[in-house]
Amino acid sequence: MYRKRITILLIFTLIMLLAACSGEDSSEEITSEESTSESNVDSANDSMNTETEDASKSGLSEATENETEQTQAQQERMMIYEANIDLETKDFDKFQQNLQSQMSEHEAYMVETNVQRTERGNRQGHIRIRVPQSNFQSLLSGFETISDQIKSRNINSRDVTKNYVDLESRLKAKEEIEARLLSFLEEANATEDLVKISQDLERVQSDIESLKGEMNYLENQSDFSTITISFTETKVLVGGVDQQDLNTWDRTKQAFFNSINGIANVASWLFVAAVGYSPVLVPVLIVIALWMWRRKKKKNRSDDE
């Protein structure tokens, strides 16, 4: 009986020990699962934070890049400037010398000159020059000092950036077509295919050259601005008199020489008429002289009687 009680007690004790061990294992498993889930949550949060930070950084970098591209686009904007100036100068020779000095200083060059004289002897016409765009405004300001009066000044500007970008896109597309046609030309074997591809290639290459020409024209027009000068010389001219600003004495000399020129012109005309019409004038003068001589002779006879 005693042994049975001991046996039952041992069995009960063993069962309790096994239950306690199983409870500890389950708690450990729960704890490990909780820690695992917490670590997963933390890693997920960290990854989310990292992604958020990366996204914000990438967003900032993209915004910065966009701002930089916009700034570069504004700086690289292609503008064409043209100016028309109408001015007066008392001495065209002096104005031309000063203009050459201004052009040399601002790295400009002359592309067209048209000068003609009026009935009074003054010179007028127009001059077209090209100047680097960076020196355009400074050269325009210099005309105030080398001319006597600026009657009008007109400045025009055109933004051709969009046109240039469009030409670049079209050129790129044409060059891609050219490359494909060249590859097709190398692979073609039939004569008919070679002829057709060659014709298409020639047309595309012609378009490419045309696009490049338009782009070069826009580049040249934007790099160098055009200034057209219409000038009129206002100095009073007197033949044989030093050409300077005329005061009262100069005007007196002008009137004197004009009167002498008038007398000389009349005398010249009379001499030309006398010599040129002498075959007619000489007989007429002889007849008139004889008639007057006879009349005078008759009058003397009547007085004697």
Side-chain angles (χ1 to χ4, degrees), residues 61-86 99-100 102-116 125-140 143 152-231:
S61 62
E62 289 178 357
T64 305
E65 290 178 357
N66 292 333
E67 290 178 357
T68 304
E69 290 178 357
Q70 291 178 358
T71 304
Q72 290 178 353
Q74 291 177 355
Q75 292 176 351
E76 296 176 358
R77 188 169 296 279
M78 187 172 289
M79 302 293 295
I80 295 178
Y81 293 98
E82 296 178 352
N84 294 281
I85 300 177
D86 188 5
L99 178 61
Q100 289 292 343
Q102 291 283 341
M103 290 171 57
S104 300
E105 181 180 350
H106 294 88
E107 300 178 352
Y109 63 94
M110 191 175 299
V111 295
E112 183 182 355
T113 303
N114 183 11
V115 182
Q116 55 187 1
H126 66 269
I127 299 172
R128 183 173 289 110
I129 62 179
R130 302 293 307 281
V131 59
Q133 190 180 112
S134 57
N135 299 332
F136 176 67
Q137 292 294 340
S138 57
L139 182 58
L140 282 179
F143 284 102
S152 65
R153 181 170 66 177
N154 184 24
I155 300 175
N156 298 321
S157 63
R158 288 187 294 139
D159 187 353
V160 295
T161 308
K162 183 178 180 180
N163 296 341
Y164 190 82
V165 172
D166 180 61
L167 291 174
E168 279 185 330
S169 301
R170 291 167 58 189
L171 177 62
K172 184 178 179 180
K174 292 290 184 181
E175 288 177 343
E176 291 177 356
I177 295 174
E178 181 189 23
R180 288 200 299 270
L181 289 174
L182 289 173
S183 63
F184 293 158
L185 189 63
E186 293 178 356
E187 297 174 357
N189 295 322
T191 304
E192 183 179 355
D193 295 338
L194 289 172
V195 172
K196 188 176 184 307
I197 294 173
S198 298
Q199 291 176 349
D200 293 339
L201 182 62
E202 182 179 359
R203 186 182 67 255
V204 171
Q205 289 177 342
S206 176
D207 294 340
I208 289 175
E209 292 300 322
S210 177
L211 291 172
K212 287 182 178 180
E214 293 181 24
M215 292 174 65
N216 291 333
Y217 173 77
L218 291 180
E219 289 174 358
N220 179 265
Q221 291 295 311
S222 62
D223 291 339
F224 285 84
S225 302
T226 304
I227 301 176
T228 302
I229 308 161
S230 300
F231 63 89

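A salt bridge (charged side-chain N to carboxylate O under 4.0 Å, His left out) check over residues 173-190, counting only residues at least two apart or in different chains, returns the pairs Lys174-Asp207.
Looking at His126 and Thr228, their side chains never bring a donor and an acceptor atom within 3.5 Å of each other. There is no side-chain donor-acceptor pair under 3.5 Å between Tyr164 and Glu214.
You'll find the side chain of Gln221 stays beyond 4.5 Å of the side chain of Met78, heavy atoms only. Between Phe224 and Phe136, the closest side-chain pair of non-hydrogen atoms is not below 4.5 Å. The shortest distance between side-chain heavy atoms of Val160 and Met79 does not fall below 4.5 Å. With a 4.5 Å cut-off on side-chain heavy atoms, Arg128 and Ile227 do not count as touching. For the pair Ile155/Leu140, a side-chain contact is recorded, criterion being any heavy-atom separation below 4.5 Å from C-beta on. Between Arg77 and Lys162 the shortest side-chain heavy-atom distance does not fall below 4.5 Å. A 4.5 Å side-chain heavy-atom check between Phe184 and Asp193 finds every atom pair outside the cut-off. Contact annotation: the side chain of His106 never approaches that of Pro132 to less than 4.5 Å [non-hydrogen atoms, C-beta and beyond].
The CG atom of Asn163 lies 6.5 Å from the CG atom of Leu167; values are rounded to the nearest 0.5 Å. With values rounded to the nearest 0.5 angstrom, Lys196 atom NZ is found 12.5 Å from Leu185 atom CG.
Although no hydrogens or angles enter the test, the distance criterion places a donor-acceptor pair under 3.5 Å between the side chain of Ser198 and the main chain of Leu194. In this structure a side-chain-to-backbone donor-acceptor pair under 3.5 Å is missing from Asn220 to Asn216. A donor-acceptor pair is defined here as one N or O able to donate and one able to accept, closer than 3.5 Å; such a pair exists between the side chain of Gln133 and the backbone of Ser222. Using modelled atom types, no side-chain atom of Ser206 and backbone atom of Glu202 make a donor-acceptor pair closer than 3.5 Å. Under the 3.5 Å distance criterion, the side-chain polar atoms of Arg153 are left unmatched by any main-chain donor or acceptor of Ile85.
A salt bridge links Asp200 to Arg203: at least one charged side-chain nitrogen sits closer than 4.0 Å to a carboxylate oxygen.
For the pair Ile127 and Phe231, the tightest heavy-atom approach, listed with the atom from each and the gap, is CG1-CE2, 3.9 Å. Residues Val111 and Arg130 share a closest heavy-atom pair of CG1-CG, 3.6 Å. Here the shortest heavy-atom pairing between Ile129 and Ile229 reads CD1-CD1, 4.3 Å. Nearest heavy-atom pair across Asp86 and Ser230 is OD1-O, 3.2 Å.
Applying the 6.0 Å contact sphere to CD of Glu219 captures more than 12 heavy atoms from other residues, nucleotides or ligands.
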